[in-house]
Number of protein chains: 2
Amino acid sequence: MLSPLRFEPAYAQPALPVAAASVIRYAAGEEIFAEGDRADHVYELVEGTVRTGRLLRDGRRQIDAFHFAGEAFGFEAGDLRRTTAEAVGEVTVRIVRRRALSDLAARDGEVARKLYHLTISGLQRSQDHVLMLGRRSACERVAGLLLLLADRTGEAAFDLPMSRQDMADYLGLTIETVSRTLTGFLQEGLIALPTVRHVELLDREALEALCE
Amino acid sequence: MLSPLRFEPAYAQPALPVAAASVIRYAAGEEIFAEGDRADHVYELVEGTVRTGRLLRDGRRQIDAFHFAGEAFGFEAGDLRRTTAEAVGEVTVRIVRRRALSDLAARDGEVARKLYHLTISGLQRSQDHVLMLGRRSACERVAGLLLLLADRTGEAAFDLPMSRQDMADYLGLTIETVSRTLTGFLQEGLIALPTVRHVELLDREALEALCE
DNA sequence: CGAAGGTTTGACCAACCTCAATGCTGGTGG
DNA sequence: CCACCAGCATTGAGGTTGGTCAAACCTTCG
């Protein structure tokens, strides 16, 4: 459904074409940056999964995107962060100074072109997300997320990197609805759930049909 | 709530810095481009309002964004359109060859920087939209749209350029819910609705409070 | 004046949410 | 090694929001 946001395949050389960069590890759940922070760096995800999203005052949370190994994240239009990024499980990132990258882009048109392409792909992913949240049922949303995760690895069986709460906050649902929908799929034979964090797609056709 | 997506204030010179461009008018409801078309041009909206969005096979529609005078639209990552653009009322646009613009961006770093900034602003608008659709109630969504439209002109009283159906398809609601929500606001004294296409915000505070 | 298209309103319904209880799993310490 | 605990996940019952279907109500336009 959604194509991954990356310059190159994940196994290729670093996505962000800047040499001077430090590598940092974050523990599960740790905050990488928060809404309101100065946006002085951009990130390339070496290993693990990152969620970016926003929090309303009353505690409602919306996850904008999950980012996977090989993808870049943390781009902002202004000086301040509008979203929060957190590690989903253990995470390794390369950190690049935003200034260094924009200087490089100013000198090297090819870098600028890639950066442009990167953000426009992010925009298209966000538009897919809008369609999902605006016009799809709970079943369709959950099926969409499972297919998104499957396409990432190319395998029909895969580990879920995130909790039910993360899935719910990405899909605009509650944790209970996600859970009920998954057991529904299970009972219909569309998926297997050998453990709570491992999924196998048994009937990909049917899941795809749910996404139109 | 959402800052307009534009290079310059609407009254300034053309947003897209390319001279060779034709100007075209579209009648109300007319299609400017459609999902699946080749994406050979980008557009600058001279006058009127444009909606961009997607259609599911079963007829469900989701509007991604409304574009207003001074804004640019029609950027794509790939060769083909993923969204459809239609005139909301009478519309005048400048059309620029995508190729001409990318050539210019390759030569002129400042142009490239502006294009980048333009798309990243679009991404942030889309993320606001995601938050709206994922975690806000019907009241909050309608209030958000009214404030968005008010901020565009800077006036508390303004014409609604779009139909109830367009509002519903942007907000992920039905036309009936939009209508009921507006009459709710009316009865609470939050807005006046002298005609079906004209709104006055009487209690901006209260509407903003609904948006957190 | 009549027709057409958009809008509003009403009654009813379904999907999803809320709240609460129960179940599972993985880690820790006796 | 096992018992216990904490934290997620699942399940259930019942409530709410927003959707559906249908009718009435403008406006605008011929």
Side-chain angles (χ1 to χ4, degrees), chain A residues 27-29 51 56 58-63 86 88-90 132-146 159-188 191-199 210, chain B residues 27-29 51 56 58-63 86 88-90 132-146 159-188 191-199 210:
Chain A
R51 59 176 184 250
L56 297 183
D58 61 9
R60 286 178 287 179
R61 186 176 72 147
Q62 178 64 48
I63 291 178
E86 289 159 329
V88 177
E90 293 274 297
M132 188 152 179
L133 297 176
R135 289 297 178 212
R136 307 194 107 113
S137 68
C139 283
E140 294 169 326
R141 296 185 205 185
V142 173
L145 178 56
L146 293 180
D159 288 327
L160 287 171
M162 72 288 287
S163 67
R164 296 292 186 270
Q165 186 66 61
D166 286 336
M167 296 175 69
D169 287 344
Y170 177 78
L171 297 173
L173 300 171
T174 60
I175 190 175
E176 294 94 333
T177 298
V178 171
S179 182
R180 276 187 255 267
T181 305
L182 286 173
T183 63
F185 287 169
L186 188 61
Q187 284 164 4
E188 295 168 50
I191 61 171
L193 266 178
T195 78
V196 85
R197 285 292 188 108
H198 191 84
V199 185
L210 278 176
Chain B
R51 58 176 184 251
L56 297 184
D58 61 10
R60 286 179 288 179
R61 186 176 72 147
Q62 178 63 49
I63 291 179
E86 290 159 331
V88 177
E90 293 274 298
M132 189 152 180
L133 297 178
R135 289 297 178 211
R136 307 194 107 114
S137 68
C139 283
E140 294 170 326
R141 296 186 205 184
V142 174
L145 177 57
L146 292 179
D159 288 327
L160 287 171
M162 73 287 288
S163 68
R164 295 290 186 271
Q165 187 66 62
D166 286 337
M167 297 175 71
D169 287 343
Y170 177 77
L171 298 173
L173 300 170
T174 60
I175 189 175
E176 293 95 333
T177 298
V178 171
S179 182
R180 276 187 256 266
T181 305
L182 286 174
T183 63
F185 288 169
L186 189 62
Q187 284 164 2
E188 294 167 50
I191 62 171
L193 265 177
T195 79
V196 86
R197 285 292 188 109
H198 191 83
V199 184
L210 278 176

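Below, read A as the first sequence line, B as the second, and so on, with proteins coming before strands; counting in each chain starts at 1.
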Given DNA chain D, 5'-ward residue of the pair A:Arg164 and A:Arg135, judged by closest heavy atom: A:Arg164
Atom pairs under 3.5 Å: protein N/O with N/O of nucleotides 14-16 of chain C:
from, atom 1, to, atom 2, distance (Å)
C:dC16, OP1, A:Ala138, N, 2.8

Expected output: side-chain A:Gln187 to main-chain A:Gly184 donor-acceptor under 3.5 Å: no
DNA chain D: 5'-most and 3'-most nucleotides touching chain A, 4.0 angstrom heavy-atom criterion: D:dA9 to D:dA13
Nucleotide C:dA20, atom P - distance to CZ of A:Arg180 in whole Å: 15 Å
Integer-rounded Å distance: C:dT25 C1' and A:His198 NE2: 17 Å
B:Gln165 side-chain N/O to B:Ile175 backbone N/O, donor-acceptor pair under 3.5 Å: no
Nearest-Å distance for atom pair CE/P, residues B:Met162 and C:dG6: 16 Å
Sidechain-backbone polar pair: B:Asp58 side chain, B:Arg60 backbone, donor-acceptor under 3.5 Å: yes
Sugar-phosphate only, base, or nothing, as touched by B:Thr183 at under 4.0 Å among non-hydrogen atoms: sugar-phosphate
Verdict with reasoning, B:Leu145 to B:Val178, per side-chain contact (heavy atoms from CB on, under 4.5 Å): CA-CA 11 Å; B:Leu145 177 57; B:Val178 171; over 6 Å; no
Whole-Å distance separating the CD1 atom of A:Ile175 from the P atom of C:dT18: 12 Å
Member of B:Leu186, B:Leu171, B:Val142 meeting the side chain to side chain contact (heavy atoms under 4.5 Å, CB included) criterion with B:Thr181: B:Val142
Whole angstrom value for the distance that separates C1' of C:dT18 from CG of A:Asp58: 15 Å
Interatomic distance where CG belongs to B:Leu182 and P belongs to C:dT8 [whole Å]: 7 Å
Protein-nucleotide distance (A:Gln165, atom CD; C:dC17, atom C1'), rounded to Å: 13 Å
A:Met167 and A:Leu160, any side-chain heavy atoms less than 4.5 Å apart: yes
Nucleotide C:dG5, atom P - distance to CZ of B:Arg197 in whole Å: 16 Å
Option passing side-chain hydrogen bond (donor to acceptor under 3.5 Å, both in side chains) with A:Asp169 (candidates A:Arg51, A:Arg61, A:Arg164): A:Arg61
Atom pair CD/SG of B:Glu188 and B:Cys139 - distance to nearest 0.5 Å: 7.0 Å
Any donor-acceptor pair under 3.5 Å from B:Arg135 side chain to A:Leu173 backbone: yes
